Amino acid sequence: MKRMEKYLALGLVGMMAMSLTACGSKSEPAAAPDNAPAEEAPAETPAADTDAAADAEAPAAGSGESYDITWVTCSTESEFWQYQQIGMENAVADMEAEHGISINFTTVGPATEAETEAYIRAFENAIASKPDAIISATQVPDSTRSVSKDAMDQGIVVNFTNCGLETLDSTEFADCYNQFYTTVSADIGDMAGEIMLKLLDEAGIKKEGVIAMEFSNVNPSLQPRMDNFKAYVEANSDIEVLDTQYNNNDLSQAQADIENQIATYGDKLIGIYGANNTSGDGIALAVENAGIADKVITIGVDSDPTEIQALEDGFIDCIIVQDAYGQGYAALKNAVETLLQGKNPETEQKVAMPPVAVTTTNMHEDEYAAMLDPTLLKK
């Protein structure tokens, strides 16, 4: 895939330079004991042959090194975090092949995102096992900062993916982590708002009435997904955007919230926006059950099998997709490079990867299909 070739190429020049300097040197031969018989000096070897022999015997950069890397996930059940893990697992295979190293990659974490205390315990237990690096994402940044700082203070490389310890415009907690790869929440909200109005026009639905919003939980770093959507829609139309309903990442609650909005607002409801995959699932199920797919425009964020099928069937009109695979791949790759080089190779501690809008029109094109379902990229 063109998109993945870009990630595989990141830092290639730096890695090639490192491979030239990190090779082990040949040791001097041990001195012969005093009573050993004298040997004839061997014939001189041409310089070119000597160099060739040295090159043949020199190991690849990092050859023989072994690293322990732990993925502390927000949820072992969520497809989104599993998509991140696929990126990490593919990066493990690529880094092992490229650098001649071995990586012991393990996953720990709670079953669901709602189990935040279990997440913190899993992070603490991961630190106690003293890995070389930890990759994580957090729904509770306030509780995670001190734990991550403790890991960094112990010399453990800590990278965050998707949900980090601070917003992109903050440097207050820069000493609590090594690197952060994410998608800007404000960009997701702006894109969703723009597409909502565009799809309303294309469907011939008057831009009058209300739009409902659904999300998993209150997270300051993710709140712009909701705030920017509301601001964009209301600045560019006469539509009222309702207050966000929060479902604590529970599918049945998400569906119930939307069914209640449908019953409350009836024909006035012209759009529904769900800012994560569980919310999108709830929207799709509620819209299908109510039989109103042709009366409302529906937009989800992130993907899973339920959402993908709903997009295919028309119960979701668009999914704003973050590059879950790319974020996970980059976080693992950077951790390995940091360990090999002894410093973070990135020039910026936070790297933003833009969101992508996937619709029923482009969902079967290779690039967009892999963004929706990164299992297609699994090695």
Side-chain angles (χ1 to χ4, degrees), residues 112-114 139 185-186 188-220 222-304 306-320 357 359-360:
T112 67
E113 290 182 1
Q139 301 288 332
S185 292
I188 293 173
D190 289 339
M191 178 178 284
E194 181 179 359
I195 291 174
M196 174 64 75
L197 297 183
K198 177 184 176 183
L199 293 179
L200 285 169
D201 284 337
E202 290 179 357
I205 299 175
K206 288 185 179 181
K207 287 182 282 191
E208 302 172 354
V210 300
I211 292 175
M213 294 196 299
E214 185 76 15
F215 196 33
S216 55
N217 62 308
V218 178
N219 184 331
L222 302 182
Q223 192 60 34
R225 293 187 188 186
M226 322 307 297
D227 296 343
N228 282 52
F229 174 83
K230 179 181 177 73
Y232 188 96
V233 170
E234 292 188 341
N236 293 280
S237 72
D238 294 325
I239 302 169
E240 176 189 358
V241 179
L242 303 173
D243 291 339
T244 304
Q245 300 291 305
Y246 293 99
N247 55 57
N248 207 26
N249 228 44
D250 180 86
L251 176 57
S252 60
Q253 183 61 53
Q255 182 176 349
D257 286 347
I258 299 306
E259 288 174 343
N260 182 58
Q261 301 283 47
I262 292 171
T264 300
Y265 293 97
D267 290 340
K268 288 185 64 179
L269 184 68
I270 60 172
I272 312 172
Y273 169 53
N276 75 322
N277 59 309
T278 300
S279 300
D281 292 344
I283 290 170
L285 295 171
V287 167
E288 181 179 8
N289 288 345
I292 60 170
D294 58 340
K295 297 179 180 179
V296 296
I297 296 301
T298 50
I299 296 176
V301 175
D302 301 332
S303 63
D304 60 27
T306 299
E307 267 193 313
I308 295 170
Q309 188 60 52
L311 187 65
E312 183 82 61
D313 296 338
F315 299 117
I316 289 283
D317 295 299
C318 175
I319 301 176
I320 308 297
T359 66
T360 54

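Not measured: the values here are computed from a predicted model.
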Any side-chain heavy-atom pair from [X] and [Y] closer than 4.5 angstrom?
X      : Y      : result
Asn260 : Gln245 : no
Thr306 : Leu251 : no
Ile239 : Leu200 : yes
Ile320 : Ile299 : yes
Leu197 : Tyr232 : yes

Nearest atoms (heavy-atom pairs only) where [X] meets [Y]:
X      : Y      : result
Asn248 : Ala114 : ND2-CB, 3.8 Å
Ala310 : Ala284 : CB-CB, 3.5 Å
Ile308 : Ser303 : CG1-CB, 4.3 Å
Glu259 : Ala286 : CG-CB, 3.7 Å
Cys318 : Leu311 : N-CD1, 3.9 Å
Met226 : Ala275 : SD-CB, 3.3 Å

The residue among Leu269, Ile262, Asp267 that forms side-chain contact (heavy atoms from CB on, under 4.5 Å) with Tyr265 is Leu269
Distance in Å, [X] [atom1] paired with [Y] [atom2], rounded so as to fall on 0.5 Å steps:
X      : Y      : atom1 : atom2 : value
Ser237 : Ile270 : OG    : CD1   : 7.0 Å
Ile258 : Ile283 : CD1   : CD1   : 5.0 Å
Tyr273 : Thr244 : OH    : OG1   : 9.0 Å
Asp317 : Thr298 : CG    : OG1   : 4.0 Å
Ile195 : Glu202 : CD1   : CD    : 10.0 Å
Thr264 : Leu242 : OG1   : CG    : 9.5 Å

For Thr278 and Glu113, what are the C-alpha separation, side-chain angles and deciding distance, and is it a side chain to side chain contact (heavy atoms under 4.5 Å, CB included)? CA-CA 11 Å; Thr278 300; Glu113 290 182 1; over 6 Å; no
Between [X] and [Y], do the side chains contain an N or O donor and an N or O acceptor separated by less than 3.5 Å?
X      : Y      : result
Asp190 : Asn228 : yes
Gln253 : Asp257 : yes
Ser279 : Asn247 : yes

Applying side chain to side chain contact (heavy atoms under 4.5 Å, CB included), run through Arg225 and Asn276 and close with a yes or a no. CA-CA 9 Å; Arg225 293 187 188 186; Asn276 75 322; 4.3 Å; yes
Walk me through it: do Val233 and Lys207 pass the test side chain to side chain contact (heavy atoms under 4.5 Å, CB included)? CA-CA 10 Å; Val233 170; Lys207 287 182 282 191; over 6 Å; no
Is Lys230 paired with Glu234 through a side-chain N to carboxylate O contact shorter than 4.0 Å? yes
